[in-house]
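A quick write-up on the structure given underneath.
These values consider heavy atoms only, across backbone and side chains, with no hydrogens, waters or symmetry-generated copies. In this chain, residues are counted from 1 in sequence order. Fair warning: this is a prediction, and the values are worked out from it, not measured in the lab.
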Amino acid sequence: ERFIVYINDMLSSGNIPDLFTREEYDAIFGNLRGPAKAAGYMDDRESLFEFFLDRVRRNLHMILCHSPVGDAFRIRGRKFP
């Protein structure tokens, strides 16, 4: 069930809460600081996170194939179209 919530979050916003630790975000932001500045984003955590999500939304492509076995999984799957 939690898997469907993660997929729904990724498809609707490009963000899965608590996917990365603060240290992992610091490393990601360190790598994105130059490209973000070049794209006109400010050098703060909020702007870098916005730049990161914009890149995720633009570049991430997902293909999800599954066979809903059983009624419970099929019903839950319908809740997260």
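The shortest distance between side-chain heavy atoms of Phe29 and Phe51 does not fall below 4.5 Å. The shortest distance between side-chain heavy atoms of Arg22 and Arg45 falls below 4.5 Å. Side-chain contact check for Phe20 versus Phe52: some heavy-atom pair is nearer than 4.5 Å. Pro35 has its side chain out of reach of Tyr41: every pair of non-hydrogen atoms, C-beta onward, lies at least 4.5 Å apart. Between Leu60 and Arg55 there is no side-chain heavy-atom pair separated by less than 4.5 Å.
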**Study point:** Verdict with supporting geometry, Glu24 and Leu19, side chain to side chain contact (heavy atoms under 4.5 Å, CB included)
**Key:** CA-CA 9 Å; Glu24 290 171 323; Leu19 180 63; over 6 Å; no
Practice item. Apply side chain to side chain contact (heavy atoms under 4.5 Å, CB included) to the pair Val56 and Met10, showing each step before the final yes or no. Key: CA-CA 9 Å; Val56 168; Met10 182 58 75; 4.3 Å; yes
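Hydrophobic cluster membership is shared by Leu48 and Ile28, with clusters built from Ile, Leu, Val, Met, Phe, Trp and Tyr side chains linked at under 4.5 angstrom. By the rule that hydrophobic residues join a cluster once side-chain heavy atoms approach within less than 4.5 Å of another member, Tyr6 and Tyr25 end up as members of one cluster.
Interatomic distance, OG of Ser47 versus CZ of Arg33, reported as 11.0 Å (0.5 Å rounding). To the nearest 0.5 Å, atoms CG (Asn31) and CG (Asp26) are separated by 11.0 Å. For the atom pair CD1 of Ile16 and CD1 of Ile7, the computed distance is 6.5 Å after rounding to the nearest 0.5 Å.
Of the possible donor and acceptor atoms, one in the side chain of Ser13 sits under 3.5 Å from a partner among the backbone N and O of Asp9.
Closest of all the heavy-atom pairs between Leu53 and Asn15 is CD2-CB, 3.8 Å.
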